[in-house]
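Data first, discussion second: the structure below is written as structure tokens.
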Amino acid sequence: MPTIKTKTSLTEGVGLLRNYLQILLQEAINKINQDGEISLPSLPTIRIERSRSSEHGDFASPVALGLARVCGRNPRQLAQRLVSCLPPSEKVESAVVAGAGFINFFMTARAFQGEIPEILAQGNRYGCATIGEGRPVQIEFVSANPTGPLHIGHGRGAAYGASVAALLEAIGYAVHREYYVNDAGRQMDILATSVWLRYLELCGEEIPFPSAGYRGDYIWDIAASLRREESNAYRASREEVMGSGTSDNDDQEAHIDALVGTAKALLGKDRYQIVMNRALAMLLNDIRDDLGHFGVHFDHWYHERRLVENSAVDLAVRSLDEAGYVYEQDGARWFRSTAFGDEKDRVLVRENGQTTYFASDVAYHLGKLERGFQKLIDVWGADHHGYVARLKAALQALGKDPSSLAILLVQFVSLFRGKERLPMSTRSGEFITLRQLRKEVGRDAARFFFIMRKHDQHLDFDLELAKSQSADNPVYYIQYAYARICSVLRQLGEKGYLWDRRQGEQNLHRLCEPHELTLLKSLSRYPEVVESAAVEHAPHQVAFFLRELANDFHAYYNAHTFLVEEDSMRNARLALIIATRQVVRNGLDLLGVSAPDTM
RNA sequence: GCGCCCGUAGCUCAAUUGGAUAGAGCAUCGGCCUUCGAAGCCGAGGGUUGCAGGUUCGAGUCCUGCCGGGCGCGCCA
């Protein structure tokens with residue numbers, strides 16, 4: 001019989017209790033496998049779960065159920081056999097077979113008490129893992145067009161992307177955060193022209209503003225700065241501007257395109273470029289500043305222009321062509337994405353010779369892989385879902401593995417003020433910006449609320465709830481737990497005590513009240529939660545965990561006094577709540593939410 | 001019409017990716033402050049997981065068909 005190797009041995013570091021139990025089961029399976037009782041060519045994956053109900057112990061494994069199927073044996077009998085082969089352990093109180101053949105583990109109090117020194121020793125690093133093994137991962141998020149301020153939807157993408165990035169970093173990936181700046185397409189022309197038209201209005205020209213232009217107030221601000229800087233040097237008359245003959249009443253898109261042409265002609269290439277660059281710079285600064293205050297930072301801002309200028313886009317199109325997936329039709333060049341399951345083929349080069357946004361995106365993603373990232377993550381608004389198939393198709397056509405790119409779609413946000421739903425229209429520039437939201441509810445509540453739901457769920461964001469400083473508000477509930485612990489420690493000093501960490505760690509066996517065990521068990525779950533949330537790109541799991549942890553702490557607080565007279569007990573309890581404080585802070589940190597000492 | 005996502009307590013959402021008796025928070029009702037912060041704690045009620053089939057030891061989760069909602073379906077980005 002083959003000996004199945006175990007990754008780690010029992011004598012090595014403790015690590016997660018879950019992994020520890022996994023090893024125990026491995027030993028048991030190995031034993032009966034070597035005895036010839038069962039015959040396994042390779043080790044099955046041994047799943048260990050936290051029991052949902054305390055009646056089922058602390059951990060449970062369904063491994064015998066799967067194994068029984070393979071071996072053609074009775075699951076309960078096999079489970080019983082495994083239990084009898086488990087190596088003895090001081091961490092396991094008992095292991096029993098239950099239900100269809102589950103193995104339930106009841107742990108000793110000591111097993112959980114042992115987590116406290118780990119937390120205190122690791123501090124900010126507690127919960128981190130090395131699964132990523134330093135592999136480079138690139139995560140692209142927000143990437144809003146620089147044609148206006150960020151709105152609520154971008155806020156959700158920003159909060160989500162930032163938390164996923166933090167989680168991946170926590171489990172050992174080398175994370176590179178990137179914002180893709182769409183500064184090369186038609187939208188930029190419309191932006192530049194919108195600014196110029198407002199500038200002309202400021203100069204006193206009465207020109208009707210095109211409905212396809214950007215109408216937001218921020219356009220006035222940019223125009224005003226242009227006028228301050230350049231005075232009337234960019235002025236043209238109403239007659240010159242309106243001379244193209246198109247009308248806003250006929251075809252709004254054609255009209256704006258004509259105005260763009262007029263702007264380019266009247267200003268000349270250099271001055272037109274200055275207007276565009278000024279608008280772009282101001283908007284990007286605004287976005288960068290906004291995100292900075294939101295606690296969201298990027299390692300790199302990647303400009304689409306760069307792809308155009310260094311011919312990466314042309315190269316990508318040529319590569320697709322050489323792979324045999326490009327053809328010409330109606331004067332345009334098409335990518336045969338239907339060969340990879342897309343609904344229809346997509347244009348790469350337009351009839352007018354200009355490459356499409358899609359062509360840039362192919363080049364951009366190809367470049368990401370060529371820069372050495374093995375794992376790519378894109379966070380997109382759900383309205384872009386139709387885009388997934390074509391981008392993956394392009395990667396596949398270029399000989400890349402499409403599964404190296406994970407596209408996470410973030411659903412829309414509906415804003416509520418209590419029961420009242422706030423209208424969100426992007427047209428006419430009347431939408432609530434991220435900045436307004438941040439100023440109204442604060443960064444902490446905004447960050448927390450945005451990640452509280454799974455990314456593929458619609459999010460109802462209640463401004464009143466986010467602002468309320470009450471138990472209804474989960475952010476305050478969690479922060480309050482943190483502040484309460486800080487407050488206890490202040491009281492400690494006022495009473496003339498000092499926390500004796502060593503004595504505390506030596507008396508952890510004193511922590512055996514039900515409330516204490518509940519809290520200890522929750523604390524030990526934290527590394528498991530971080531790992532799961534990271535692997536599944538699901539920061540909401542951290543939010544739910546913190547809520548439960550805070551609840552366990554508040555319950556403990558109400559049931560017992562920490563600052564008791566007896567030194568050994570006091571120091572043990574302080575060790576527990578200081579460890580709790582550490583875990584709350586680590587969790588909040590992953591979510592970009594602050595941990596205040598007082599509230 | 002076609003494609004993708006979603007449908008779980010009155011409301012907003014979880015559910016260890018196929019595991020045991022589907023759980024939280026609001027809201028409702030009832031208790032707990034002379035005490036380390038009541039921004040807190042404890043308890044109660046509330047469910048045919050949209051509907052109907054199927055797959056298996058086992059389904060909220062997987063497959064099929066309906067019903068209802070959201071989003072896409074440009075030589076825009």
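In this text the structure is predicted, and so the values were computed from the model without any measurement. Letters A, B, ... are given to chains in the order of the sequence lines, protein chains preceding strands, and every chain is numbered from 1.
- Applying the 5.5 angstrom centroid cut-off and the 30 degree plane-angle cut-off, the aromatic ring of A/H384 is not stacked upon the base of B/rG72.
- The separation of B/rC41 from B/rU56, taken at their P atoms, amounts to 47 Å, rounded to a whole angstrom.
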**Q.** Intermediate values then yes/no, salt bridge (Lys or Arg N to Asp or Glu O under 4.0 Å), A/R570 and A/D500
**A.** CA-CA 9 Å; A/R570 184 180 64 247; A/D500 185 334; over 6 Å; no
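- Taking syn as a glycosidic angle within 90° of 0, B/rC57 does not qualify and is anti.
- Judged by distance alone with a 3.5 Å cut-off, no donor-acceptor contact links the side chain of A/R52 to the base of B/rU21.
- Comparing the C1' positions of B/rG74 and B/rC62 gives an interatomic distance of 36 Å, to the nearest angstrom.
- Judged by distance alone, with hydrogens and angles left aside, the side-chain atoms of A/R581 form no donor-acceptor pair with the main-chain N or O of A/I485 at under 3.5 Å.
- Between A/Q541 and B/rA14, a side-chain N or O to OP1/OP2 separation shorter than 4.0 Å is absent.
- Rounded to whole Å, atom C1' of B/rC41 lies 15 Å from atom OH of A/Y556.
- Between the side chain of A/R76 and the backbone N or O of A/G99 there is at least one donor-acceptor pair closer than 3.5 Å.
- Here A/H540 does not reach the OP1 or OP2 of B/rA24: none of its side-chain N or O atoms lies under 4.0 Å away.
- Spacing between B/rG40 and B/rU35 at atom C1', rounded to whole Å, works out to 14 Å.
- What separates CD of A/E49 from C1' of B/rG58 is a distance of 13 Å, to the nearest Å.
- A side-chain donor-acceptor contact under 3.5 Å links A/S337 to the backbone of A/K344.
- Taking side-chain N and O atoms only, A/Q457 has no distance below 4.0 Å to OP1 or OP2 of B/rU12.
- Comparing B/rC5 with B/rG18, their P atoms sit 15 Å apart, to the nearest whole Å.
- Ring orientation note: the planes of A/Y387 and A/W380 are nearly perpendicular, at an angle over 60° on the 30°/60° scale.
- Among the nucleotides B/rG70, B/rC36, B/rA39, the one closest to the side chain of A/H458 is B/rG70.
- Listed nucleotides B/rA20, B/rC57, B/rA77 differ in distance to A/Y357; the shortest reach to its side chain belongs to B/rA77.
- If you take atom P in B/rC11 and the same atom in B/rG47, they sit 13 Å apart, rounded to whole Å.
- Under 3.5 Å, the side chains of A/D444 and A/Q479 contain a donor-acceptor pair of N or O atoms.
- Summarising the geometry, the separation between OH on A/Y387 and C1' on B/rC76 is reported as 10 Å, rounded to the nearest angstrom.
- Both A/L563 and A/T355 sit near RNA chain B, but only A/L563 has its closest nucleotide nearer the 5' end.
- Between the C1' atoms of B/rU34 and B/rG30, the separation comes to 24 Å (whole Å).
- With centroids closer than 5.5 Å and planes inclined by less than 30 degrees as the test, A/Y480 and the base of B/rG40 fail to qualify as a stacked pair.
- The side chain of A/R186 has B/rC76 as its nearest neighbour among B/rC76, B/rG37, B/rC57.
- B/rU16 and B/rU12 have their C1' atoms separated by 22 Å, given to the nearest Å.
- Judged by distance alone, with hydrogens and angles left aside, the side-chain atoms of A/K521 form no donor-acceptor pair with the main-chain N or O of A/D58 at under 3.5 Å.
- Side-chain nitrogen and oxygen atoms of A/Y477 include at least one within less than 4.0 Å of the OP1 or OP2 phosphate oxygen of B/rC41.
- We find that CZ of A/R390 is positioned 12 Å from P of B/rC76, with the value rounded to whole Å.
- For A/Q411, the listed nucleotide lying nearest its side chain is B/rC5; candidates were B/rC41, B/rC5, B/rG37.
- As a whole-Å value, the separation of A/R50 CZ from B/rA20 C1' is 18 Å.
- In RNA chain B, the stems built from three or more successive Watson-Crick or G-U pairs (distances below 3.5 Å) are B:1-5 with B:69-73, B:10-13 with B:23-26, B:28-32 with B:40-44, B:50-54 with B:62-66.
- A distance of 6.0 Å or more separates the ring centres of A/H455 and A/H537.
- Put simply, CZ on A/R76 is 18 Å from P on B/rC57, counting in whole angstrom units.
- Across all strands shown, A/L348 has no heavy atoms under 4.0 Å from either base or sugar-phosphate atoms.
- For A/N551 and B/rC41, the shortest distance from a side-chain N or O to OP1 or OP2 is below 4.0 Å.
- For A/A332, taking side-chain heavy atoms from C-beta onward, the closest of the listed nucleotides B/rC36, B/rA77, B/rC75 is B/rC75.
- Between A/H554 and A/Y477, the ring planes lie perpendicular to each other; the angle is over 60°, past the 30° to 60° tilted range.
- To the nearest whole angstrom, the two C1' atoms, one in B/rU48 and one in B/rU8, are 12 Å apart.
- For the pair A/W499 (side chain) and A/N571 (backbone), a donor-acceptor distance under 3.5 Å is present.
- Side-chain N/O atoms of A/R484 include none lying less than 4.0 angstrom from OP1 or OP2 on B/rG37.
- As a whole-Å value, the separation of A/F105 CZ from B/rU16 P is 20 Å.
- A donor-acceptor contact under 3.5 Å links the side chain of A/N104 to the base of B/rA20.
- The phosphate of B/rC5 (OP1 or OP2) has no side-chain N or O of A/K454 nearer than 4.0 angstrom.
- Summarising the geometry, the separation between CZ on A/F412 and C1' on B/rC4 is reported as 13 Å, rounded to the nearest angstrom.
- For A/F141 and A/Y179, the ring centers sit 6.0 Å or farther from each other.
- Minimum atom distance to the side chain of A/H385 is reached by B/rC71, of the listed B/rA14, B/rG74, B/rC71.
- Residue-to-nucleotide contacts include no donor-acceptor pair under 3.5 Å from the side chain of A/H554 to the base of B/rC41.
- Within the 4.0 Å cut-off from OP1 or OP2 of B/rG74, not a single side-chain nitrogen or oxygen of A/R350 is found.
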